[in-house]
Amino acid sequence: DFMRDVSGLIAMEKQLKSLLGISKVLVLPQDSDDIPAVKSNIGKEAARLLEAFFPQYKKIAVTGGSTMAAISKELSSDKRDSLLQFIAARGGLGEDVLHQANTIASSFAGKTGGSVKTLYLPDHLSEEAYEMMMREPVIKEMMDLYDQTDVVVHGIGNAEEIALQRQSSTEEVERIRSGGAVSEAFGYYFDKEGKVVYRIRTAGIQLEQVQKAPAILAIAGGRSKAKAILSYFRNAAPQTILITDEGAAQKILELT
Ligand code: BG6
């Protein structure tokens, strides 16, 4: 911890904790926007925190994204536990297959010897299709699992970037823009006050289910995500742990 203290990271963690109203923040040195290895360091830290939960918590919901993929690379295979259950937080097929929640959940399970629950559904269902899907037993089973989730591990994205990357319809992009969305996490879009302004119509974990989970790890770094992180944490559950980097942390403190 000496090195972290010298570079002022511990002071930053303290400031962020009180600013965001949460109990734990980890800030890794440097900025993942400039140095890709920083994302791996974030992944490593997140993997260690998650592994520390394994003896106590078995049902773990995960989202997609490159930061989540970085965690999966760092999970240690000597923490294997066949009772672990990894649940894809969303059925969405709207993004690059390697970064989909389903892929990430499978790879977490592969690394840890746990089991996996996946759900493959289009990211943007029509209202009719959505209503019908929600009545399907497999989806109901998934919804029950979300209700029993012990840990949620998720990334945070910039709203507009995610909307475009998901090939959302122009109408959807317009609603996200006009709603003033700044951040996105597990299919929900939040404005700068942390209010939900839009949500993807597909089967997935509900905000209320995330917020009642005993443990939540939110993982996002890089100064380009500072505004998004701030927006998300305006309304995040107090038990959320943020794992980020110096680039994002510094920018968040500048913005506030
Ligand atoms: C998406 C997730 O894949 O990644 C989002 O569905 C998340 O929930 C976003 O916000 C963050 O991605 P990345 O690649 O920047 O970690």
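This structure is a prediction, so every number in the text was calculated from the model and none was measured. Both counts, for ligands and for their atoms, begin at 1 and track the order of listing.
Ion pair Arg223/Asp34 flagged as a salt bridge, since at least one NZ, NE, NH1 or NH2 atom sits closer than 4.0 Å to an Asp/Glu carboxylate oxygen. Comment: Lys39 does not engage Asp245 in a salt bridge, judged by the lack of any side-chain N to carboxylate O separation of less than 4.0 angstrom.
No part of Gln100 comes within 4.0 Å of ligand 1, judged by heavy-atom distances.
Atom 3 (O) of ligand 1 has Glu95 OE1, 2.5 Å as its closest protein atom, hydrogens excluded (heavy atom only). Remark: minimum distance from atom 2 (C) of ligand 1 to any protein heavy atom is reached at Gly64 O, 3.5 Å.
None of Glu172, Glu160, Glu171 except one satisfies the salt bridge (charged side-chain N to carboxylate O under 4.0 Å, His left out) rule with Arg177; the exception is Glu160.
More than 12 heavy atoms of other shown residues, nucleotides or ligands fall within 6.0 angstrom of atom NZ in Lys58.
The closest approach between any non-hydrogen atom of Gln165 and ligand 1 is not below 4.0 Å. The closest approach between Glu161 and ligand 1 stays at or above 4.0 Å for every heavy atom of the residue. Within the 4.0 Å heavy-atom cutoff, Glu184 counts among the residues contacting ligand 1.
Remark: ligand 1 atoms within the under-4.0 Å shell around heavy atoms of Gly157 are 10 (O). Near Phe186, meaning under 4.0 Å from one of its heavy atoms, ligand 1 places the atoms 8 (O). Within ligand 1, the atoms closer than 4.0 Å to a non-hydrogen atom of Ile162 are 9 (C), numbered from 1 in the order shown.
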Would you check, one step at a time, whether the test side-chain hydrogen bond (donor to acceptor under 3.5 Å, both in side chains) holds for Gln206 with Tyr146?
-> CA-CA 8 Å; Gln206 313 284 302; Tyr146 292 144; over 6 Å; no
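Taking only nitrogen or oxygen atoms, main chain and side chain alike, Gly65 reaches within less than 3.5 Å of ligand 1. Below 3.5 Å of separation, one finds an N or O of Thr67 facing an N or O of ligand 1.
Of the listed residues (Arg166, His154, His99, Lys225), the one carrying the non-hydrogen atom nearest atom 6 (O) of ligand 1 is Arg166.
Partners of Lys24 according to the salt bridge (Lys or Arg N to Asp or Glu O under 4.0 Å) rule, which considers only residues two or more places apart in sequence or in another chain, do not exist here.
Annotation: Tyr232 is in aromatic contact with His154 [ring centroid separation under 6.0 Å].
When hydrophobic clusters are built by joining Ile, Leu, Val, Met, Phe, Trp and Tyr residues whose side-chain heavy atoms come closer than 4.5 Å, directly or via intermediates, Ile42 is grouped together with Val153.
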